There are 2 protein chains.
Amino acid sequence: MTHRLSQTEENYLKAIFTICEKEEKPAGTNNIGAILQTSAASVTDMLKRLAEKDLIFYEKYKGVTLTENGKTIATQLLRKHRLWETFLVEKLNFSWDKVHNIAEQLEHIKSPELVEKLDNFLGNPKFDPHGEPIPNAAGEFTFRRQINLFNAAKGDKATVVGVQDDSEQFLQYLTQQNLMLGSKVEILEKFPYDQSLKILLNGKTEIVLSEKVCRNLYVQRK
Amino acid sequence: MTHRLSQTEENYLKAIFTICEKEEKPAGTNNIGAILQTSAASVTDMLKRLAEKDLIFYEKYKGVTLTENGKTIATQLLRKHRLWETFLVEKLNFSWDKVHNIAEQLEHIKSPELVEKLDNFLGNPKFDPHGEPIPNAAGEFTFRRQINLFNAAKGDKATVVGVQDDSEQFLQYLTQQNLMLGSKVEILEKFPYDQSLKILLNGKTEIVLSEKVCRNLYVQRK
DNA sequence: TATGATTTTTAGATAAATCTAAAAATAGTT
DNA sequence: AACTATTTTTAGATTTATCTAAAAATCATA
């Protein structure tokens, strides 16, 4: 049996997982430090410890990737985080922009039975309130054919199914624009000058979204 | 605003609260150490820090009591612990003997909104699955006219409303005996020799309970 | 009240997670 | 290849929570 990890160690694994998934390359010391708001020196210290515990592959100056063990733990953390977010929104009536910080705490609760019972209580959801897939107990993600709104073309009709950035600021911006998961969008115009998009929202309202906003939205084409 | 406490500090406050409530006297260093499974020396170290933060009254060699600040925090911890236990039993179908350790972790989650929303979701319960009163947001406990089963007399009829010991072992013993919150008991006999009690359970079954068991059960007389 | 037992505190160490400042390695660019 | 900029690591401290062993204070009771 593997040793019980500290919250800090778990946070490092999650950060490394996020970087490696997104960028498909080893995570750098600075990169990790930026996510965890800590110095590169502290990161190096921790990387040595995680390598010692067989959770990451670590070679000086070469960056790190997760071992199978590390991946399993990171995936289970993601599972817990997303299940708790779902609980907070669906059962406790939190709005989707307020749940991240609380879930960051809840994901560190150690109890395998709790996770499985929570999952059942929620009806085994496949996606969280931000549209992110929730891995199952075996660590498998439900895959969804989704594209970045930024890559949609003029004339496309699509449904919003996820966000890339789940910060309070972004989610509040979306709420203000009346944009949420399930919103229907039609691309009316793409302005090459600033890469912004004019869209028709739910067949009713015309709005313009900046490049930054589009890059943080996932849609599924009809 | 008071500084954010570590889990360890919170656990010390809870231990001190428990001792002071039960024994109505200052908590001793050894006493606290026994509850938290730590050495007297470590306790002394921590007491200095808590006194520094105005959470306890501390005088060398004299034991400690909680300040108003300390009491508020301890009560809120109790509130969270008992609300989470209620959630685990009522919503996630945990049995009452399995929830203590998980609630010990959950009670340290920091989010006032979460507590209030959880309370509402549960229907503002006044007692937890072990019959312990849940303090409200203002820190007030609902009082219940309950006595220790050990102090009941021959002929008394009463209802089980709480347990003193919420250890897995004790709760499993009760479950085995088909004893639970709400069970009706009638005292048939009290044996002076070993202070054990013969009772009629739910008007059906005669069982004998040892002194230890009786001391850990609370009942309300009709 | 003296004395032995118990409780509590001090002193000095250790381990985890962090920091700053400086050194070392790597990467980018002419 | 050489120089510069960036990234990463090392070295040495700090803070928190813990420990053991020994000293000091208090308690209990003969």
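Heavy atoms only: backbone and side chains are in, while hydrogens, waters and symmetry mates are out. First the proteins, then the strands, lettered A, B, ... as listed; each starts at 1. None of the values given here were measured: they were computed from a predicted structure.
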Atom pairs and distances, side-chain donor-acceptor, residues 119-128 of chain B, under 3.5 Å, sequence neighbours left out:
residue	atom	partner	partner atom	Å
Asp119(B)	OD2	Arg79(B)	NH2	3.1
Asp119(B)	OD2	Asn124(B)	ND2	3.2
Asn120(B)	OD1	Asn124(B)	ND2	3.2
Asn120(B)	ND2	Glu116(B)	O	3.4
Lys126(B)	NZ	Asn124(B)	O	3.0
Asp128(B)	OD1	His130(B)	N	2.7
Asp128(B)	OD1	Gly131(B)	N	3.1
Asp128(B)	OD1	Glu132(B)	N	3.0

If the threshold is 4.0 Å, N to carboxylate O, is there a salt bridge linking Lys14(A) and Glu9(A)? no
May I have all residue pairs that pass salt bridge (Lys or Arg N to Asp or Glu O under 4.0 Å) and include part of residues 165-176 of chain B, sequence neighbours excluded? Lys98(B)-Glu168(B)
Figure out the NZ/C1' separation between Lys25(B) and dT7(C), and round it to whole Å. 12 Å
Under the rule for ring pair (Phe, Tyr, Trp, His ring centres under 6.0 Å), what residues qualify as partners of Tyr12(A), not counting sequence neighbours? none
Using a cut-off of 4.0 Å on non-hydrogen atoms, how would the nucleic acid contact of Thr8(B) be classed: base, sugar-phosphate, or nothing? sugar-phosphate
Who passes salt bridge (Lys or Arg N to Asp or Glu O under 4.0 Å) against Lys71(B), sequence neighbours left out? Glu68(B)
Tell me the ring-ring contact (aromatic ring centres under 6.0 Å, His included) pairs involving residues 69-92 of chain B, sequence neighbours left out? Phe87(A)-Phe87(B), His81(B)-His100(B), Trp84(B)-Phe87(B)
Distances under 3.5 Å only, N/O to N/O: pair up the protein atoms with those of nucleotides 9-16 of chain C.
residue	atom	partner	partner atom	Å
dT9(C)	OP1	Tyr58(B)	OH	2.6
dT9(C)	OP1	Tyr61(B)	N	2.9
dT9(C)	OP2	Thr29(B)	OG1	2.9
dT9(C)	OP2	Thr44(B)	OG1	3.0
dT9(C)	O4'	Tyr61(B)	OH	3.4
dT10(C)	OP1	Lys60(B)	NZ	2.8
dT10(C)	OP2	Lys48(B)	NZ	2.6

Under 4.0 Å: is that the gap between some side-chain N or O of Ser39(A) and OP1 or OP2 of dC19(C)? yes
Atom CG of Asn31(A) and atom P of dA27(C): how far apart are they, to the nearest Å? 15 Å
For Gln37(B) and dC19(D), what is the distance between atoms CD and C1' respectively, to the nearest whole Å? 15 Å
Would you say dT8(C) has OP1 or OP2 under 4.0 Å from some side-chain N or O of Asn30(B)? yes
